[in-house]
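Side chains are part of it too, since the values below use all heavy atoms of this structure and drop only hydrogens, waters and symmetry mates.
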Amino acid sequence: MFVDKYTAAKITGLSAETLKKARLSGNLKEGIHFVKLNSRTIRYNDELLQDWMQNRHDERAHQRAIEIYQASLLSNRKKKR
């Protein structure tokens, strides 16, 4: 589920400005932690944002969560014959 910056701030306990700084610094990655709908609209991946908060200091653990999330996407599922 993707959420707006206000909901993301509430989920994480961080301000919307701090989330913006995390995006701009590369701590949150586009296409993984957030998507840009247009030049003014950002949506955050609720699931990965929560995992990032839990595992900010354990990059390997968070990377595993990213891989599991990406594998669950419809575009990554094997096609049935």
Side-chain angles (χ1 to χ4, degrees):
M1 176 199 272
F2 286 83
V3 298
D4 63 24
K5 66 182 177 181
Y6 303 108
T7 305
K10 187 175 181 179
I11 289 168
T12 61
L14 302 173
S15 69
E17 187 62 30
T18 300
L19 290 171
K20 181 179 179 179
K21 288 178 184 177
R23 281 194 340 264
L24 296 176
S25 70
N27 289 324
L28 296 178
K29 297 182 179 13
E30 185 171 2
I32 295 175
H33 298 103
F34 68 94
V35 293
K36 289 183 180 179
L37 299 180
N38 58 47
S39 63
R40 298 181 55 174
T41 307
I42 303 288
R43 292 294 181 256
Y44 291 92
N45 182 314
D46 173 38
E47 182 180 339
L48 290 179
L49 199 58
Q50 288 182 52
D51 186 80
W52 175 73
M53 286 296 296
Q54 291 293 318
N55 295 304
R56 279 188 296 189
H57 305 295
D58 186 353
E59 189 174 324
R60 291 177 63 194
H62 184 56
Q63 185 59 42
R64 282 192 305 273
I66 291 170
E67 291 166 3
I68 291 167
Y69 171 77
Q70 289 177 326
S72 75
L73 296 175
L74 289 174
S75 60
N76 290 329
R77 292 186 186 165
K78 293 183 179 180
K79 294 180 181 176
K80 294 181 182 179
R81 292 185 172 187

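Distance alone, capped at 3.5 Å, is enough to place a donor-acceptor pair between the Ser25 side chain and the Ala22 backbone.
Annotation: side chain of Lys5 is not in contact with side chain of Ile42 (no heavy-atom distance under 4.5 Å). A heavy-atom distance below 4.5 Å is not found between the side chains of Gln54 and Gln50. Side-chain contact between Phe2 and Val35: present, with at least one pair of heavy atoms (C-beta onward) separated by less than 4.5 Å. In this structure, the side chains of Leu37 and Arg43 come closer than 4.5 Å at one or more pairs of heavy atoms. Within the 4.5 Å cutoff, the side chain of Leu14 has heavy atoms near those of the Met53 side chain.
When only modelled atom types and interatomic distance are considered, Asp51 and Tyr69 share no side-chain donor-acceptor pair under 3.5 Å. Using modelled atom types and a 3.5 Å distance limit, the side chains of Arg23 and Tyr44 yield a donor-acceptor pair.
There is a path of hydrophobic side-chain contacts, each under 4.5 Å, that joins Ile11 to Trp52. Cluster membership for Ile32 and Leu73, using ILVMFWY side-chain heavy atoms within less than 4.5 angstrom, is shared. Met1 and Leu28 fall within the same hydrophobic cluster, defined by Ile, Leu, Val, Met, Phe, Trp and Tyr side-chain heavy atoms under 4.5 Å apart, directly or through other members.
The shortest non-hydrogen separation linking Asp46 to Val3 is CB-CG1, 4.2 Å.
His33 has its ring centre less than 6.0 Å from the ring centre of His62.
The number of heavy-atom neighbours closer than 6.0 Å to CD of Glu59, taken from other residues, nucleotides and ligands shown, is 12 or below.
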